[in-house]
**Student:** 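To start, I am sharing the structure in question, which I have written as structure tokens.
A, B, ... follow the sequence lines: proteins, then strands. Residue 1 opens every chain. Atom set for the values below is all heavy atoms of this structure, side chains included, hydrogens, waters and symmetry mates excluded.
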Amino acid sequence: MLDLKFIRDNIDAVRANIAERYMDADLDLVVRLADERTAAIKALEDQRRRRNEVAQAMKAKLGDAERQALIDEGKALKDAIAGLEARLSEVEIELKAAHARIPNMAHPDAPRGKEDKDNLEVKRVGEPTRFSFEPKDHVTLGAELDLLDFDTATRVTGTKFYYLKNQGVILELALTRYALDLLMAKGFMPFSTPDLAKTEILEGIGFNPRGAESNVYQLADEDLCLIGTAEITLGGYYSGRTFSKDELPLKLVGLSHCFRREAGASGQFSKGLYRVHQFTKAEMFIYCLPEDSGRYHEELRAIEEEIFSSLGLPFRVVDTCTGDLGAPAYRKWDLEAWMPGRNGGEWGEVTSTSNCTDYQARRLNVKYKDDDGKNQYVHMLNGTAIACSRAIVAILENYQEADGGVRMPPALVPYCGFDRINPK
RNA sequence: GGAGUGGUGUCCGAGCGGUUUAAGGAGGCGGUCUUGAAAACCGUUGUACCGAAAGGUACCGGGGGUUCGAAUCCCCCCUACUCCGCCA
């Protein structure tokens with residue numbers, strides 16, 4: 001969330017930002033509730049101060065009449081305080097809800113626009129793969145090579161789930177280990193995280209688990225959600241923590257399953273691995289000083305480019321437009337790999353890296369002590385190292401050969417133990 | 001899951017209804033002394049919020065309750081440890 005003081009001092013900029021991001025946050029409500037909150041706190045603190053004075057006075061030796069007068073005043077204060085506390089608590093709940101809806105400010109250079117088609121292509125590596133034959137999509141390849149089984153998963157779990165089989169399993173393990181090795185060499189500390197997290201952590205990261213459009217699965221009878229990304233568990237890892245400056249930056253890479261409800265996402269792209277309810281992902285996460293976050297955002301993007309370049313997959317980089325940023329992000333880069341089987345050949349998002357500045361740190365209370373000994377919020381960034389499902393789409397579709405077999409990217413061969421998946 | 005014992009400031013640790021505005025110690029910082037250091041002594045030492053400031057309010061695992069007044073009493077929850085049960 002944004003700092004309330006910042007909101008008050010920059011109302012016009014915050015209002016313009018909300019509009020550019022096409023969010024329906026009620027800025028005026030936030031300001032009004034913030035004022036109400038301040039007034040309620042002042043009233044409450046006055047009464048509490050008086051209560052403390054009365055309690056202090058009771059310690060002295062007193063006549064019966066004096067004593068009774070103080071007790072009566074104390075009783076009256078008790079009621080008044082209870083009422084004020086109730087009012088304050090109501091206002092704070094409303095304020096918190098309204099405040100949480102206000103998105104982070106956007107980077108001045110982020111393209112202004114509403115939807116993903118307004119994203120700006122800034123770089124292209126490789127060119128769309130050409131074939132001397134009619135290429136198949138990954139669903140066909142996966143079935144023919146016995147790597148993917150959607151039909152059984154539909155019976156056992158429901159649509160948009162899948163089984164990986166045979167070399168498909170090894171390919172997933174190879175991808176995660178490849179990414180982990182590459183990141184560990186760059187100083188990232190590896191984690192295997194829980195696949196669930198408490199609602200409060202989800203909200204701190206900027207997810208809204210409640211509501212019909214929510215992409216989050218919630219557990220019945222428990223205050224727990226299935227995570228949609230290890231960003232949640234890695235960002236929650238240091239919630240409440242105050243770092244000393246020399247502990248930063250902190251670079252983590254976390255392996256987890258990711259769960260997404262994708263409610264209402266059925267339709268022409270519903271088939272296959274591209275949009276599924278569960279996948280495995282290695283996620284990068286950085287905690288750093290505010291002045292360094294721009295630089296580390298570039299580093300995350302460069303790592304994502306390195307991973308996809310080294311896998312020999314054609315991709316482009318887009319600068320995500322304001323309307324497509326999501327509430328916590330200040331700026332976001334997406335990598336889109338070429339997917340020959342998608343709609344007859346199309347770019348499809350395979351990674352995403354966001355600089356969330358202090359938006360998540362403020363709610364999760366992650367700080368550092370600055371040179372003056374004052375506590376300041378850290379900046380938090382995240383980025384996909386490898387999202388297995390989509391990486392597998394790209395590999396199967398780009399590396400397929402005329403006989404229906406699929407070569408493995410050379411970089412993965414040591415991790416797979418095979419260099420080709422041959423037709424049955 | 002059952003039984004028992006705990007959770008106090010940066011750390012250790014007292015306090016179990018009103019001289020606690022949280023004792024005492026350790027550590028940190030500043031100072032005195034010293035050629036320098038150690039020792040000794042003196043001072044200081046958290047977080048958030050309200051406020052222009054002075055200052056105030058809250059925080060003793062979390063939440064509720066009792067009371068004029070709660071770290072202290074009551075209830076619920078979380079958590080750690082020990083023992084038992086179950087289990088990959």
**Student:** Does A:Lys75 put a side-chain nitrogen or oxygen below 4.0 Å from OP1 or OP2 of B:G69?
**Tutor:**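 For B:G69, neither OP1 nor OP2 has a side-chain N or O of A:Lys75 closer than 4.0 Å.
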**Student:** Grab the CG-P distance between A:Asp3 and B:C49 for me, whole Å please.
**Tutor:**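 After rounding, the gap between these two atoms is 9 Å.
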**Student:** Students often mix this up, so state it plainly: with edges at 30° and 60°, are the rings of A:His277 and A:Tyr217 parallel, tilted or perpendicular?
**Tutor:**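 Perpendicular: the ring planes of A:His277 and A:Tyr217 meet at over 60°.
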**Student:** At 4.0 Å (heavy atoms only), tell me whether A:Ile41 reaches a base, stays on the sugar-phosphate, or touches nothing.
**Tutor:**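 Answer is sugar-phosphate: A:Ile41 comes under 4.0 Å of backbone atoms only.
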**Student:** Expressed in whole Å, how much space separates the P atoms belonging to B:G61 and B:A70?
**Tutor:**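 That atom pair is separated by 16 Å.
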**Student:** Between A:Phe188 and A:Phe285, does the ring centre distance come in under 6.0 Å?
**Tutor:**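 Ring centroids of A:Phe188 and A:Phe285 are no less than 6.0 Å from each other.
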**Student:** Taking atom P in both B:G51 and B:A39, compute the distance separating them and give it to the nearest angstrom.
**Tutor:**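 Roughly 46 Å separates the two P atoms.
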**Student:** Which nucleotide, if any, forms a Watson-Crick or G-U wobble pair with B:U67, using both distances under 3.5 Å?
**Tutor:**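 The base-pairing partner of B:U67, which may sit in any strand shown, does not exist here.
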**Student:** Applying a 4.0 Å non-hydrogen cut-off, can you work out what A:Arg51 is touching in the nucleic acid: base, sugar-phosphate, or nothing?
**Tutor:**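 Result for A:Arg51 = sugar-phosphate.
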**Student:** Paired with B:A22: which nucleotide, if any, by Watson-Crick or G-U wobble criteria at under 3.5 Å for both distances?
**Tutor:**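 Its partner is none (no Watson-Crick or G-U wobble pair with both distances under 3.5 Å).
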**Student:** Taking any heavy-atom pair under 4.0 Å as a contact, classify A:Asp72: base, sugar-phosphate, or nothing.
**Tutor:**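 Touches nothing.
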**Student:** Under a 3.5 Å limit for both distances, which nucleotide forms a Watson-Crick or G-U wobble pair with B:A52, could you say?
**Tutor:**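 None - no nucleotide pairs with B:A52, as no candidate has both distances under 3.5 Å.
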**Student:** Rounding to an integer number of Å, can you tell me how far A:Lys96 NZ sits from B:C49 P?
**Tutor:**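 In whole Å, B:C49 P lies 16 Å from A:Lys96 NZ.
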**Student:** Quick check: on RNA chain B, is the nucleotide nearest A:Asn365 upstream (toward 5') of the one nearest A:Asn52, or the reverse? Name the residue that is more 5'.
**Tutor:**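 Result of the comparison: A:Asn365.
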**Student:** For the pair A:Asn104 (side chain) and A:Cys356 (backbone), establish whether a donor and an acceptor sit closer than 3.5 Å, ignoring hydrogens and angles.
**Tutor:**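 Side chain of A:Asn104 to backbone of A:Cys356: a pair is present.
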**Student:** A:Lys42 NZ to B:A58 C1': how many Å, rounded?
**Tutor:**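 It works out to 17 Å between those atoms.
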**Student:** Hey, is A:Asp79 close enough to A:Lys75 for a salt bridge, meaning N to O under 4.0 Å?
**Tutor:**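 No, no charged N to carboxylate O under 4.0 Å.
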**Student:** Go ahead and name the base partner of B:U34; Watson-Crick or wobble counts if both distances stay under 3.5 Å, otherwise write none.
**Tutor:**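 Pair assignment: B:U34 / none.
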**Student:** Using the closest heavy atom to pick a nucleotide of RNA chain B for each, name whichever of A:Glu45 or A:Lys374 lands nearer the 5' end.
**Tutor:**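 Its nearest nucleotide lies further toward 5', so the answer is A:Lys374.
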**Student:** Would you measure the distance from the P atom in B:U72 across to the matching atom in B:G6 and give it in whole Å?
**Tutor:**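 So the two P atoms sit 15 Å from each other.
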**Student:** How close or far is atom C1' of B:G55 from atom CZ of A:Arg49, stated in whole angstroms?
**Tutor:**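 Atom-to-atom, A:Arg49 to B:G55, this comes out as 8 Å.
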**Student:** With both distances kept under 3.5 Å, what pairs with B:G6, Watson-Crick or G-U wobble?
**Tutor:**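 Because both required distances fall under 3.5 Å, B:G6 counts as paired with B:U79.
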**Student:** Parallel, tilted or perpendicular, judged at 30° and 60°: which one describes the rings of A:Tyr330 and A:His107?
**Tutor:**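 A:Tyr330 vs A:His107 ring planes: tilted.
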**Student:** When you look at A:Phe161 and A:Phe150, which way does the ring pair (Phe, Tyr, Trp, His ring centres under 6.0 Å) test go after all the steps?
**Tutor:** CA-CA 6 Å; A:Phe161 286 94; A:Phe150 292 97; over 10 Å; no
**Student:** Between B:A58, B:G69, B:U47, which nucleotide gets closest to the side-chain atoms of A:Lys367?
**Tutor:**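 The closest nucleotide is B:U47.
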**Student:** Whole angstroms only, please: what is the CD-P distance between A:Glu85 and B:C49?
**Tutor:**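 Distance, rounded to whole Å: 19 Å.
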**Student:** Which nucleotide, B:U21, B:G51, B:G18, lies nearest any side-chain atom of A:Gln56?
**Tutor:**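 Per side-chain heavy atoms of A:Gln56, the pick is B:U21.
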**Student:** Once you apply a heavy-atom cut-off of 4.0 Å, does A:Lys198 come out as touching a base, just sugar-phosphate, or nothing?
**Tutor:**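 No contact.
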**Student:** Can you check the distance between B:C29 and B:G46, where both ends of the measurement are the P atom (answer in whole Å)?
**Tutor:**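 The answer is 15 Å between these two P atoms.
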**Student:** Is there a Watson-Crick or G-U wobble partner for B:G1 with both distances under 3.5 Å, and which nucleotide is it?
**Tutor:**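 Pairing partner, where one exists within any strand: B:C84.
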**Student:** Looking at B:U67, I'd like to know if its phosphate oxygens (OP1 or OP2) sit under 4.0 Å from a side-chain N or O belonging to A:Lys78.
**Tutor:**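 Checking A:Lys78 against B:U67: at least one side-chain N or O falls below 4.0 Å of OP1 or OP2.
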**Student:** Atom CD1 of A:Ile71 to atom P of B:G18: distance rounded to whole Å?
**Tutor:**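 Spelled out: CD1 on A:Ile71 to P on B:G18 is 16 Å.
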**Student:** Roughly how far apart, to the nearest Å, are B:U66 and B:C74 at atom P?
**Tutor:**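 Approximately 15 Å lies between the P atom of B:U66 and that of B:C74.
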**Student:** Scan every strand shown for a Watson-Crick or G-U wobble partner of B:C60, both distances under 3.5 Å, and answer none if you come up empty.
**Tutor:**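 Looking at the geometry, B:C60 pairs with no nucleotide.
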**Student:** Identify whether any heavy atom of A:Asn375 sits under 4.0 Å from a base atom; if not, whether one sits that close to sugar-phosphate; answer base, sugar-phosphate or nothing.
**Tutor:**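 Answer is sugar-phosphate: A:Asn375 comes under 4.0 Å of backbone atoms only.
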**Student:** For nucleotides B:C83 and B:G15, find the distance between their P atoms and express it as a whole number of Å.
**Tutor:**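 One P to the other, the span is 27 Å.
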**Student:** From CG of A:Leu44 over to P of B:C59, roughly how many Å is that when rounded to an integer?
**Tutor:**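 Value for this atom pair: 11 Å.
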**Student:** Below the 4.0 Å mark, does B:C49 have OP1 or OP2 next to a side-chain nitrogen or oxygen of A:Arg37?
**Tutor:**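 Checking B:C49 against A:Arg37, no side-chain N or O comes under 4.0 Å of OP1 or OP2.
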**Student:** Under 3.5 Å, side chain of A:Thr320 to main-chain N/O of A:Lys332, donor-acceptor pair present?
**Tutor:**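 Flag set: sc A:Thr320 to bb A:Lys332 pair under 3.5 Å.
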**Student:** Check the distance between B:U57's P and A:Glu92's CD and give it to me in whole angstrom.
**Tutor:**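 Value for this atom pair: 18 Å.
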**Student:** Please measure how far the P atom in B:C49 lies from the corresponding atom in B:A26, and state the result in whole Å.
**Tutor:**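 Roughly 33 Å separates the two P atoms.
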**Student:** Using the C1' atoms only, state how far B:U20 lies from B:G31, rounded to an integer number of Å.
**Tutor:**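 Comparing C1' positions in B:G31 and B:U20 gives a spacing of 29 Å.
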**Student:** Looking at the rings of A:Tyr237 and A:Phe191, which for Trp means the six-membered one, are their centres under 6.0 Å apart?
**Tutor:**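 Yes, the ring centres sit under 6.0 Å apart.
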